[in-house]
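Proteins come first, then strands; the chains are lettered A, B, ... in the order of their sequence lines, and each starts at number 1. No experiment lies behind these values; they were computed from the predicted model shown.
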There are 2 protein chains.
Amino acid sequence: MFEARNVTKVYDMGAVQVHALRGVSFTIEQGEMVAIMGPSGSGKSTLMQLMGCLDRPTSGTIVLDGEDVTQVRDDRLAEIRNKKIGFVFQQFNLLPRLSAVENVELPLVYAGVGRRERRRRALELLEAVGLGERVHHRPNELSGGQKQRVAIARALANEPAVILADEPTGALDTRTGAEIMQLLARLNEQGHTVVIVTHDPEVASRTRRVIHIRDGLISKDERLDGS
Amino acid sequence: MFEARNVTKVYDMGAVQVHALRGVSFTIEQGEMVAIMGPSGSGKSTLMQLMGCLDRPTSGTIVLDGEDVTQVRDDRLAEIRNKKIGFVFQQFNLLPRLSAVENVELPLVYAGVGRRERRRRALELLEAVGLGERVHHRPNELSGGQKQRVAIARALANEPAVILADEPTGALDTRTGAEIMQLLARLNEQGHTVVIVTHDPEVASRTRRVIHIRDGLISKDERLDGS
Ligand SMILES: Nc1ncnc2c1ncn2[C@@H]1O[C@H](COP(=O)(O)OP(=O)(O)OP(=O)(O)O)[C@@H](O)[C@H]1O
Ligand SMILES: Nc1ncnc2c1ncn2[C@@H]1O[C@H](COP(=O)(O)OP(=O)(O)OP(=O)(O)O)[C@@H](O)[C@H]1O
Ligand SMILES: [Mg+2]
Ligand SMILES: [Mg+2]
């Protein structure tokens, strides 16, 4: 599914260079459920953005389903993002002038899904994350945890093979967070690959493997089921 | 310090009315350290915005240091906000075109503090939240937890009597979160009133009182030291 080899990312700020990732290598098989943990600023979101084909590494390769995504053209990258990957952003990145249901429909629009089916699917997803009564609210008319759940629903719209969730329960109370983890666990049982950046040990304990990142490097790659 | 009496907040969306707060009453004394907990969407941020004089209740009163802030004019409200209150927003609300240090200096600019003293104070605060090496980064060049810490530093710039922090550790790993809680506890020992919205029971356990909100109402007002 995912194979990262010696991936680096340097942010060039002119006078200063920030080495956000310093040579990261790992393999994630289709159907795995993996947590990524590490201190604030250690490179987790940067890694997720590279895996999600939202940005390119400075050096190294990322192979997704046998395709080296560091070598493909931008339009192919956009196609991979839309068809294969569901991305939950750490800061949600909702479109401010669209309602919750319109935000969730957006990936379905790009995928060419018809109007009635899009609406049905988007409403079903919002229901699944507990937002059935907020579907016409715009982002600035939603609470922090409600925005987060719209972002999660949107990531699931195209039933992507890979779900990359950057701190998907960060703004949620324990109970709502547990409901979201149930949802992700169920999708994983159905065969979706799930990668979750989290600071919450509770969330990490619901995965089968934890990749620890520290200062742009993997400090530990830990299997939780003893295998 | 704070006295809320029968506070309501209704968001009027035309066809629909959202009753975000349905009659909330409580008193917080100067020097208390209080947590506010409750499910996503229950009204916590709405309550914080009213306490922080960022918005007005639909009905009811909020008295801050003997002054009914629901009756004062907008310019007095702005003055109270700048002098008495440090607000950490759930979504940070940093100015995108300013660097971290410039963002932290902003309340000091409004308070008329001189250039050299502002810079000294802002750098000291960024150091205290572990961002000494990120002072010239803009918000989009910072990680989620780094943005959160800039927002915290900014709230503390004017050494406000009241610190209102809406989920200040939500984007932080356990250790960095604990450092922030140390900082807030120390400020509380020095006499600052600290009110923290949190989903984290760890954070709540470091306060002496937890106000539980559910569906726009206070469901429980719990003193943690048995007093
Ligand atoms: N555009 C950028 N320009 C310069 N530096 C950047 C940029 N984006 C991120 N950084 C830096 O790269 C490092 C890694 O950032 P990243 O967002 O990956 O951290 P993170 O592990 O997700 O942290 P958090 O847990 O706080 O979200 C940080 O130190 C950050 O300051
Ligand atoms: N501008 C608005 N217009 C309409 N409804 C709103 C608006 N702002 C908030 N709401 C609604 O009011 C309710 C309370 O929102 P609030 O942001 O106070 O919740 P919260 O307790 O902070 O939740 P979270 O833990 O998710 O941040 C939510 O159901 C939300 O959808
Ligand atoms: Mg991050
Ligand atoms: Mg909130």
Criterion side chain to side chain contact (heavy atoms under 4.5 Å, CB included) on B:Val150 and B:Arg134, from CA distance to verdict: CA-CA 10 Å; B:Val150 175; B:Arg134 289 287 181 271; over 6 Å; no
B:Pro168 to B:Leu184 - nearest heavy-atom pair and separation: CG-CD1, 4.5 Å
What residue in B:Gln91, B:Gln146, B:Glu167 has the most heavy-atom pairs under 4.5 Å with chain A? B:Gln91
Which portion of B:Val16 sits near chain A, non-hydrogen atoms under 4.5 angstrom: neither
Top contributor to chain B contacts, counting heavy-atom pairs under 4.5 Å, from A:Gly130, A:Ser45, A:Pro39: A:Pro39
Name the member of A:Gln148, A:Met13, A:Arg175, A:Glu133 that forms the most heavy-atom pairs with chain B at distances under 4.5 Å. A:Met13
Heavy atoms only: give me the nearest B:Thr70-B:Thr61 pair and the separation to one decimal. CG2-CA, 3.9 Å
Does B:Phe26 have more than 12 heavy atoms from other residues, nucleotides or ligands lying within 6.0 Å of its CZ? yes
Taking every non-hydrogen atom, the tightest pair across A:Val34 and A:Glu32: CG2-OE1, 3.7 Å
Could you tell me which portion of B:Met37 (side chain, backbone, both or neither) has an atom closer than 4.5 angstrom to a non-hydrogen atom of chain A? neither
Which portion of B:Glu141 sits near chain A, non-hydrogen atoms under 4.5 angstrom: side chain
As an exercise: rank A:Asp200, A:Thr176, A:Thr46, A:Leu172 by heavy-atom pairs under 4.5 Å with chain B and give me the winner. A:Leu172
Residue that, paired with B:Arg119, satisfies side chain to side chain donor-acceptor pair (under 3.5 Å) out of B:Glu105, B:Glu124, B:Glu102: B:Glu105
Side chain, backbone, both or neither of B:Lys44 within contact of chain A (heavy atoms, under 4.5 Å): neither
Cut-off 4.5 Å, heavy atoms of chain B, and the answer for A:Gln90 is side chain
Quick one: do B:Arg206 and B:Glu202 make a salt bridge, cutoff under 4.0 Å? no
Go through the atoms of A:Ser40 and report whether side chain, backbone, both or neither lie under 4.5 Å from a heavy atom of chain B. both
